[in-house]
S.K.: 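Following this message is one structure expressed as structure tokens.
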Amino acid sequence: MNTTPKVSIVIPAYNRERYIGMAVRSVLDQTYRDLECIIIDDGSTDATLEIAEQFAREDDRVLVLSDPVNRGAAWALKTGFEAARGEYLGQVDSDDLLEGSALEKTVVVLESSPDCGLVYTYYQDIDEYGAILSPGWRCSYEYSPWLILSVFMLFHFRLFRKSVYEQAGGIDTDFNLIEDYELCMRMSEVAKNIVNIPEFLYFYRNHSSNVHANNRLAIVELTRAAIESALVRRGLSETHWLDVRYNPQYLIKEKISLTEAN
């Protein structure tokens with residue numbers, strides 16, 4: 001890659017051989033072409049790294065970095081963003097998809113609005129086969145610097161200035177599992193303006209091996225810590241406190257004996 005791209009898209013990946021190819025292809029097939037795609041293999045034990053390297057051989061916009069140890073998405077994202085050469089940075093998860101015009105539509109906002117530090121879009125949930133399930137529930141919330149303390153409406157897709165990322169302090173690896181939310185809270189404190197494009201330009205895949213679905217309690221505790229830190233940074237900790245409400249669901253089901261089942 002001899003020229004400096006305008007946009008850098010980072011894809012962190014761990015054991016995603018089933019989906020990684022589709023995720024990368026959705027980036028490379030964008031109508032906006034001035035990009036680099038940085039794939040960070042986070043110690044995969046399946047064919048994820050081999051698939052990523054094949055893309056790098058076929059397209060010089062692809063850079064693959066890897067580590068033999070699985071360190072977590074926060075480490076992978078931090079590594080990718082530090083390697084990024086673009087003026088604008090974005091993230092696509094290795095099991096998700098980017099709509100074909102997503103970069104074209106988000107770049108034009110940043111280019112035409114110098115005070116905009118981050119632009120984000122709506123997203124749709126899809127199943128493991130790619131069928132659309134529903135609009136993402138976070139799309140029903142409109143961004144505000146206050147509301148982001150309790151709702152991560154900047155979920156996907158986000159494109160932001162590298163200067164804003166650096167000013168906010170970058171990825172904090174202590175918040176692995178919610179590193180993107182915690183980063184967005186800090187970027188909301190330094191970005192002069194955050195803009196929403198109310199179009200579904202990202203597809204978030206729901207499946208049994210989804211990291212968030214399998215770490216709910218840890219995510220709750222990390223989110224608590226992130227919000228409390230934000231209250232301190234914003235000078236609100238003396239006047240406000242965080243109330244975390246858990247909403248478990250309990251279902252009583254009738255037991256069926258083996259003889260009845262047969």
Side-chain angles (χ1 to χ4, degrees), residues 1 5-104 106-107 120-121 123 126 128 130 154-160 162 165 170-171 173 176-181 183-184 201-207 209-212:
M1 292 181 284
K6 175 68 74 170
V7 175
S8 298
I9 299 297
V10 175
I11 302 181
Y14 173 65
N15 286 352
R16 284 286 184 259
E17 62 180 5
R18 179 177 177 182
Y19 301 117
I20 182 69
M22 291 180 281
V24 175
R25 181 53 58 196
S26 76
V27 173
L28 299 180
D29 287 347
Q30 288 290 301
T31 55
Y32 185 88
R33 308 296 294 174
D34 188 10
L35 64 90
E36 66 177 350
C37 179
I38 304 174
I39 307 169
I40 310 297
D41 181 70
D42 186 23
S44 294
T45 57
D46 64 2
T48 297
L49 179 57
E50 288 78 4
I51 295 170
E53 290 175 335
Q54 181 61 36
F55 275 103
R57 286 190 289 269
E58 296 173 356
D59 193 320
D60 64 4
R61 295 177 298 166
V62 177
L63 171 66
V64 178
L65 302 175
S66 65
D67 192 291
V69 179
N70 176 231
R71 301 180 186 275
W75 169 86
L77 277 174
K78 185 178 179 69
T79 300
F81 287 145
E82 288 178 351
R85 299 176 300 144
E87 180 181 351
Y88 307 138
L89 308 180
Q91 167 193 350
V92 172
D93 290 346
S94 57
D95 47 359
D96 295 343
L97 301 170
L98 194 60
E99 195 274 336
S101 64
L103 287 184
E104 182 178 353
T106 51
V107 166
Y120 73 103
T121 77
Y123 70 99
I126 60 176
E128 59 181 315
L154 307 185
F155 190 59
H156 279 307
F157 168 66
R158 302 175 299 275
L159 194 67
F160 45 90
K162 188 174 186 178
Y165 171 83
I171 292 287
T173 55
N176 189 49
L177 294 178
I178 65 157
E179 66 286 331
D180 50 352
Y181 177 37
L183 170 65
C184 282
L201 302 180
Y202 192 90
F203 302 95
Y204 177 73
R205 196 181 302 272
N206 290 267
H207 55 90
S209 56
N210 184 283
V211 173
H212 284 184

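All figures in this text were calculated on a predicted structure; none of them were measured in a lab.
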S.K.: Could you tell me whether the side chain of Y19 reaches within less than 4.5 Å of the side chain of E128, counting heavy atoms only?
M.R.: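 They are in side-chain contact.
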S.K.: Taking side-chain hydrogen bond (donor to acceptor under 3.5 Å, both in side chains) as the test, write out the residues that go with S66, two or more places apart.
M.R.: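 Listed in chain order: nothing, the list is empty.
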S.K.: Please list, chain by chain and in numerical order, all residues satisfying salt bridge (Lys or Arg N to Asp or Glu O under 4.0 Å) with R33, sequence neighbours excluded.
M.R.: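 R33: no salt bridge (Lys or Arg N to Asp or Glu O under 4.0 Å) contacts found.
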S.K.: Between L154 and Y181, is any pair of side-chain heavy atoms under 4.5 Å apart?
M.R.: no
S.K.: Can you tell me how far OG1 of T79 sits from CD1 of I38, rounded to the nearest 0.5 angstrom?
M.R.: 10.5 Å
S.K.: Keeping N176 on the side-chain end and A74 on the backbone end, is there a donor-acceptor pair under 3.5 Å?
M.R.: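 Here the side-chain-to-backbone pair exists.
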S.K.: Which of parallel (below 30°), tilted (30 to 60°) and perpendicular (above 60°) describes Y204 and F155?
M.R.: perpendicular
S.K.: Can you see which heavy atom on Y202 is nearest to which on D93, and at what distance?
M.R.: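 Result for this residue pair: OH-N, 3.1 Å.
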S.K.: What pairs with F160 under ring pair (Phe, Tyr, Trp, His ring centres under 6.0 Å), at least two apart in sequence or on another chain?
M.R.: F81
S.K.: Hey, could you give me the CG/CD distance between D41 and E50, rounded to the nearest 0.5 Å?
M.R.: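 D41 CG to E50 CD: 8.0 Å, rounded to 0.5 Å.
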S.K.: Search all heavy atoms of E36 against all heavy atoms of G86 and return the closest pair with its distance.
M.R.: OE2-N, 3.8 Å
S.K.: Please identify each residue that fulfils salt bridge (Lys or Arg N to Asp or Glu O under 4.0 Å) with K6, with sequence neighbours left out.
M.R.: E87, E111
S.K.: Where do K162 and A84 come nearest, in terms of heavy atoms and distance?
M.R.: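 That would be NZ-O, 2.5 Å.
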S.K.: Kindly write out the residues that satisfy side chain to side chain contact (heavy atoms under 4.5 Å, CB included) with T31, not counting sequence neighbours, or none if the list is empty.
M.R.: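 Partners of T31 under the side chain to side chain contact (heavy atoms under 4.5 Å, CB included) test: S101, E104.
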S.K.: Flag the pair R16 and D95 as a salt bridge only when some basic side-chain nitrogen lies within less than 4.0 angstrom of an acidic carboxylate oxygen.
M.R.: yes
S.K.: Check whether any side-chain heavy atom of V10 lies under 4.5 Å from a side-chain heavy atom of L89, and answer yes or no.
M.R.: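 No, side chains not in contact.
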S.K.: Partners of Y14 by ring pair (Phe, Tyr, Trp, His ring centres under 6.0 Å), sequence neighbours excluded?
M.R.: none
S.K.: Could you grab the distance from atom CG of D180 to atom CZ of R158, nearest 0.5 Å is fine?
M.R.: 5.0 Å
S.K.: Taking the side chain as everything from C-beta on, heavy atoms only, tell me whether P12 gets closer than 4.5 Å to D42.
M.R.: no
S.K.: I need the I39 CD1 to I11 CD1 distance, nearest 0.5 Å.
M.R.: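 Spacing of CD1 (I39) from CD1 (I11) equals 5.5 Å.
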S.K.: With sequence neighbours left out, what residues match F157 under ring pair (Phe, Tyr, Trp, His ring centres under 6.0 Å)?
M.R.: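 Listed in chain order: nothing, the list is empty.
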S.K.: With sequence neighbours left out, what residues match E53 under side-chain hydrogen bond (donor to acceptor under 3.5 Å, both in side chains)?
M.R.: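 In terms of side-chain hydrogen bond (donor to acceptor under 3.5 Å, both in side chains), with neighbours along the sequence ignored, E53 is linked to no residue.
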S.K.: Among residues at least two apart in sequence or on other chains, which ones pass salt bridge (Lys or Arg N to Asp or Glu O under 4.0 Å) with D59?
M.R.: R61
S.K.: I'd like to check the side chain to side chain contact (heavy atoms under 4.5 Å, CB included) partners of Q30; sequence neighbours left out, ordered by chain and number.
M.R.: L35, L98, A102, L103
S.K.: Sequence neighbours left out, what passes salt bridge (Lys or Arg N to Asp or Glu O under 4.0 Å) with D67? Give chain and number order.
M.R.: R71
S.K.: Using the side-chain hydrogen bond (donor to acceptor under 3.5 Å, both in side chains) criterion, which residues pair with N15? Sequence neighbours excluded.
M.R.: T45
S.K.: Give the minimum heavy-atom separation between I40 and A76, together with the two atoms involved.
M.R.: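 Residues I40 and A76, closest heavy atoms: CG1-O, 3.4 Å.
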S.K.: List the steps and the verdict of side chain to side chain contact (heavy atoms under 4.5 Å, CB included) for F55 and R25.
M.R.: CA-CA 9 Å; F55 275 103; R25 181 53 58 196; 3.3 Å; yes
S.K.: Over all heavy atoms of both residues, which pair between A52 and V62 is shortest? Give the atoms and the distance, please.
M.R.: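 Distance-wise, the nearest heavy atoms are O-CG1, 4.4 Å.
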S.K.: For T48 and S44, which heavy atoms make the closest approach, and how far apart are they?
M.R.: CB-OG, 3.5 Å
S.K.: Ignoring hydrogens and angles, tell me if any N or O in the side chain of Q91 forms a donor-acceptor pair with the backbone of L77 under 3.5 Å.
M.R.: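 No, the answer is negative, given that no donor and acceptor are paired below the 3.5 Å cut-off.
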S.K.: Measure from the side-chain N and O atoms of R205 to the backbone N and O of D96, and report whether any donor-acceptor pair falls under 3.5 Å.
M.R.: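 Looks like no, no N/O pair under 3.5 Å.
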S.K.: Whether the side chain of Y120 engages the backbone of T106 through a donor-acceptor N/O pair (distance < 3.5 Å, no angle test) should be reported.
M.R.: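 A pair under 3.5 Å: no.
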